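Computation of the quantities below employed the complete heavy-atom set of this structure, encompassing side-chain atoms and omitting hydrogens, waters and symmetry-equivalent molecules. Numbers restart at 1 for each chain; the letters A, B, ... are given by sequence-line order, proteins then strands. Just so you know, these numbers come straight off a predicted model, no measurement behind them.
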Number of protein chains: 2
Amino acid sequence: MPTHGRVTPDATDRGAKAQAEGFATVRQAHESEMAEDYVELIAELIELQGEARPVDIAERLGVKPPTVTKNISRLKDAGLVSRERYRAIFLTPAGQKLAEACRRRHRIVVAFLLSLGIDEDTAERDAEGIEHHVSENTLEAFERATSRFEKKC
Amino acid sequence: MPTHGRVTPDATDRGAKAQAEGFATVRQAHESEMAEDYVELIAELIELQGEARPVDIAERLGVKPPTVTKNISRLKDAGLVSRERYRAIFLTPAGQKLAEACRRRHRIVVAFLLSLGIDEDTAERDAEGIEHHVSENTLEAFERATSRFEKKC
DNA sequence: CACCTATGTTAGCCTTGTCTAACTTTTAGG
DNA sequence: CCTAAAAGTTAGACAAGGCTAACATAGGTG
């Protein structure tokens, strides 16, 4: 018997273990967020301007240039970007693949929020945070729901 | 005229400044995540077992006890919990208020995901990450959409 | 009531991601 | 082609949030 005032889990308690796994998932997502945000932005900049330079990345991320230098070198170690000192940044095949997945996810989340009637600024802002925590499962549900809403259902 | 191969922002570019603000918002959300997760869980444990003890918090968060000790002392500094050494943890009025807001948000996000046809485990998991990045605006849209779906619209 | 085990804390380390200050390289203009 | 400004890097600091190892306390039980 439990020592304290502990009771059998009731209906609202999905169990400590499941909950712990959920939090672990969130912590893991946080670890890949930096990489995802960078490659997504790099892909965007290459599309927009032909190349991604640290100064632009810093401006759009709202961080200072040294932060970008340090993080880019981490991405290089991770095999996501290729780059030589003082030159523009490019994505490796692995980086391109990740960027494409992130951009797809981002597009789906934004489109879904817009279909809910949320204004564009809010949709973009919230999507930036939400996208890293959406499972493939949920993403597909978003896609289905978006078209349902678009059909004025 | 821009120096490089830079072009006038096209339709898909919402501007560097807006984008930077979005990322700043996400970074700010990350700073309050720890506090929100803890107070939410503490409230849950108090409801479930009458008190919140570090060992249970650690188990449910999936972290080790020393991590809980350190973070609880941060929350105490922030005025969200009250507690004496070696005793159970309780929420201050400020902590209770925050916990209530978090639990409401959590409930809304979960209910919304469920209404989309997502299974319970996935809904709980994704909600854990998503809830910290949902603006009040979006939260209200979720509420509206949930009832729309429940009406089998 | 003394002690063993659970629980809790302290100390110290690590990684991530941010910053400022100072230095280096590139590059555009005269 | 030389030089100043813009861009990039390095060095070093710091806070957050994890961890392990070792120590401290509280409380139920023999």
Would you jot down, in residue-number order, the residues of residues 65-85 of chain A having a non-hydrogen atom under 4.0 Å from DNA chain D? A/Pro65, A/Pro66, A/Thr69, A/Lys70, A/Arg83, A/Arg85
Distance in angstrom units between A/Ile89 CD1 and D/dG8 C1', rounded: 10 Å
For residues 64-78 of chain B, which residue pairs pass the side-chain hydrogen bond (donor to acceptor under 3.5 Å, both in side chains) check, not counting sequence neighbours? B/Tyr38-B/Asn71, B/Asn71-B/Arg74
Whole angstrom value for the distance that separates C1' of C/dT9 from CD1 of B/Ile57: 14 Å
So, B/Thr138 side chain and B/Val134 main chain: donor-acceptor pair closer than 3.5 Å or not? no
With no hydrogens and no angle check, is any side-chain donor or acceptor of A/Arg53 less than 3.5 Å from a backbone partner on A/Ala88? no
Separation of D/dA16 P from B/Asp37 CG (nearest whole Å): 16 Å
Examine distances only and state if a side-chain atom of B/Arg125 and a backbone atom of B/Glu120 form a donor-acceptor pair shorter than 3.5 Å. no
B/Leu80 backbone acceptor or donor facing B/Thr92 side chain under 3.5 Å: yes
Gap between atoms CD and P, on B/Glu51 and D/dG27 respectively (whole Å): 10 Å
Could you classify D/dA22 for me, syn or anti, using a glycosidic angle within 90° of 0 as syn? anti
Ring centroids only, cut at 6.0 angstrom: are A/His30 and A/His133 within range, meaning strictly under it? yes
Could you tell me how far apart B/Leu61 (CG) and D/dG18 (P) are, to the nearest whole angstrom? 7 Å
Is A/Arg104 salt-bridged to A/Glu136, cutoff N-O under 4.0 Å? yes
Using heavy-atom distances to pick each residue's nearest nucleotide on DNA chain C, tell me which of A/Lys64 and A/Arg87 is more 5'. A/Lys64
In whole angstroms, how far is the P atom of C/dA6 from the CD atom of B/Glu59? 14 Å
Residues A/Arg107 and A/Glu44 bridged, charged N to O under 4.0 Å: no
Can you tell me the distance, in whole Å, between the CD atom of A/Glu31 and the C1' atom of D/dG18? 9 Å
How large an angle, rounded to 10°, do the end axes of the helix from C/dT7-D/dA24 to C/dG30-D/dC1 enclose when each is built from five base pairs? 10°
Counting just side-chain N and O atoms, does B/Arg27 come under 4.0 Å of either OP1 or OP2 of D/dA15? no
Choose from D/dT25, C/dG17, D/dC19 the nucleotide whose nearest atom is closest to any side-chain atom of A/Met34. C/dG17
Length of the line joining A/Phe23:CZ and D/dG18:P, which is rounded to integer Å: 11 Å
A/Thr122 (side chain) donor-acceptor with A/Ile118 (main chain) under 3.5 angstrom: no
